[in-house]
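A quick write-up on the structure given underneath.
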2 protein chains.
Amino acid sequence: MKTPVPTGPVDVGHLRIACSSCSLRELCLPAGIDTREMERVDRLVNRRRKLKRGEHLYRAGAPLAALYAIRSGFMKSCVLHDDGREQVAGFHMMGELLGMDAISSSRHMCDTVALEDSEVCEIPFGYLEQLSRELPSLQQQLHRIMSREIVRDYGVMLLLGSMKAEERLAAFLLNLSQRFTARGYSGTEFNLRMTREEIGSYLGLKLETISRVLSRFQQDGLIVARHKHIRIRDPEALRRLISQQRQ
Amino acid sequence: MKTPVPTGPVDVGHLRIACSSCSLRELCLPAGIDTREMERVDRLVNRRRKLKRGEHLYRAGAPLAALYAIRSGFMKSCVLHDDGREQVAGFHMMGELLGMDAISSSRHMCDTVALEDSEVCEIPFGYLEQLSRELPSLQQQLHRIMSREIVRDYGVMLLLGSMKAEERLAAFLLNLSQRFTARGYSGTEFNLRMTREEIGSYLGLKLETISRVLSRFQQDGLIVARHKHIRIRDPEALRRLISQQRQ
DNA sequence: CATGGCGTTTGACTTACATCAAGGCCACCC
DNA sequence: GGGTGGCCTTGATGTAAGTCAAACGCCATG
């Protein structure tokens, strides 16, 4: 037995699933799609899914069913090692596309978890491939997004492989700042959705180191950090920190 | 003025450019393409390019013209930071597809250099997108390859973010071994094409550390390492090294 | 309003890897 | 054949970040 219609205010949301009227469309999969084609893209996304904080969107090993576009909220992806080690591979926010790790083997290769209550649009992958054969601009955008993920990963490698703790954290804060700005939020004042431990995992550092470096940044007047709230006071100084000449 | 036909033995190579008769086809872009369709894929790859050791295939900033499939040889990709820091992001061998970092912005985001004399097949990206709209199995394979790169990158992040020097090097050697095996070469005995410094850069370590850890592995009877020649004596022990429980 | 617990901060100490330095091996080239 | 330079090895020493430990602040919950 199916539940055809969810109850309550959710209904309204369901009636309105349409990329064409989504404020994120220029950040997301439909970027660059023209209005004639948009109608068909609208039909691609036929379901939204709400996640409570802490809930998994998918787990490593789960079969690929759909890609997911984040509509609201904040998520993290973690790669796991057999021995239980886990590493945060990325933090994700509105407009970003998740699940591309699963395409190669038809199984997800990481866990993705909501860090706050979130909502995602489900994009059935088979339909997406089919439609992107018919709409070149959709195909191109999909390729661009996958490529962007590869480039992002290269950046993380550079960070993990050749930066010191302060540089890593400066790069992390500036990256968050830039992404908030791109979404119309303040890039100088925001709340971290993740713990120090999660930041540390992402940056290849321990939580104590994150805490210490944040304190040092604050002492030096670069930021104000109170719990999860961050205010960036001197973005230029942070930038200098990253690209300062090695000896 | 154009040079319509290269001189010498190269000609023969030019007449024979055909994925359908390439021994690497099951590793490469045409994997899973059926014979009827293969004819069209053959026409996709219309040029080969030879590279001398040390020569660049492309540099960061260069416009995207083509993707490249390695036909023979060995290459590395490096991401660069403004301040001159550089980090090896990957080593590549026959059958692997290069250049996907350039799709997102139409410009390459890393340098790719031959570590020994090599040959690549040029795959004009525009044609590839066009043909993959017409051949679903080509489209799927392209998506799988891009996804595989993303998954590989996650693995590197895990390595850089949470493994110790010995684990990193063990993982590196086993990865090479596995890739040589997949290509029909010995997985227990091979020559490194890269220097200790390049290995170090890839693994986020200094060349002295690479040298020391290789010596330690040799003392412990896990490998025989003489200059660039490596023989793996105890792959199981290397595997145990990686997944040993953290305290 | 007390209680407990998670996340965080901070300090003291340890350690894995980096850095600095010297010397060896091998290939290449006059 | 002897020099030159790139690559590698090994030892001595330095240091950034990890580990261990204690204590605090802030919620959440009863």
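- Relative ring orientation between A:Y58 and A:H108 is described as parallel, the plane-to-plane angle staying below 30° on a 0-90° scale split at 30° and 60°.
- A salt bridge links A:D117 with A:K52: the closest approach of a Lys/Arg side-chain nitrogen to an acidic carboxylate oxygen falls below 4.0 angstrom.
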Stepwise, does the side-chain contact (heavy atoms from CB on, under 4.5 Å) test hold for B:L222 with B:L241?
CA-CA 10 Å; B:L222 305 190; B:L241 241 172; 3.9 Å; yes
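- In this structure, B:R53 places its CZ atom 9 Å from P of C:dC28, rounding to the nearest Å.
- Picking from D:dC8, C:dT19, D:dA16 the nucleotide with the shortest atom distance to the side chain of A:K164 gives D:dA16.
- Put simply, A:K206 has a side-chain N or O that comes within less than 4.0 Å of OP1 or OP2 on D:dT19.
- Whole-Å rounding puts the A:K228 NZ to C:dT9 C1' distance at 14 Å.
- Residue A:R216 places no side-chain atom within donor-acceptor reach of the base of C:dT10, judged by atom type and a 3.5 Å distance cut-off alone.
- Here C:dC17 presents its P atom at 11 Å from CZ of B:R212, a figure rounded to the nearest Å.
- Mapping A:G204 and A:R226 onto DNA chain D by nearest heavy atom places A:G204 at the nucleotide closer to the 5' end.
- A sub-4.0 Å separation between OP1 or OP2 of D:dT10 and a side-chain N or O of B:S215 is present.
- Nucleic acid contact for B:T195: sugar-phosphate only, since backbone atoms but no base atoms lie under 4.0 Å from a heavy atom of the residue.
- Nucleic acid contact for B:T209: sugar-phosphate only, since backbone atoms but no base atoms lie under 4.0 Å from a heavy atom of the residue.
- Remark: A:H227 is in phosphate contact with D:dC26, judged by side-chain N or O atoms under 4.0 Å from OP1 or OP2.
- In this entry the distance linking CZ of A:R193 with P of C:dG7 reads 17 Å, nearest Å.
- Judged by distance alone, with hydrogens and angles left aside, the side-chain atoms of A:R71 form no donor-acceptor pair with the main-chain N or O of A:C121 at under 3.5 Å.
- One cannot find a donor-acceptor pair under 3.5 Å joining the base of D:dG6 and the side-chain atoms of B:R196.
- Atom CD of A:E208 is separated from atom P of C:dG11 by 14 Å (rounded to the nearest Å).
- Computed from coordinates, the A:E197 CD to C:dT9 P distance equals 13 Å when rounded to whole Å.
- Atom-to-atom, CD of B:E167 to C1' of C:dA16 comes out at 12 Å; the value is rounded to the nearest Å.
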Check residues 90-105 of chain B and write down every donor-acceptor pair under 3.5 Å in which the side-chain atom is one partner and the other belongs to a residue at least two apart or another chain.
unit_1, atom_1, unit_2, atom_2, d
B:H92, NE2, B:S77, OG, 2.7
B:E96, OE1, B:M93, N, 2.9
B:E96, OE1, B:R179, NH2, 3.2
B:E96, OE2, B:R179, NE, 3.3
B:E96, OE2, B:R179, NH2, 3.2
B:E96, OE2, B:R183, NH2, 3.4
B:D101, OD2, B:M109, N, 2.7
B:S105, OG, B:R107, N, 3.4
B:S105, OG, B:R107, O, 3.3

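- Across the protein-nucleic acid pair, A:L214 atom CG and C:dT10 atom P stand 10 Å apart, rounded to whole Å.
- Counting any heavy atom pair closer than 4.0 Å across all strands shown, B:L205 reaches sugar-phosphate atoms only and no base atom.
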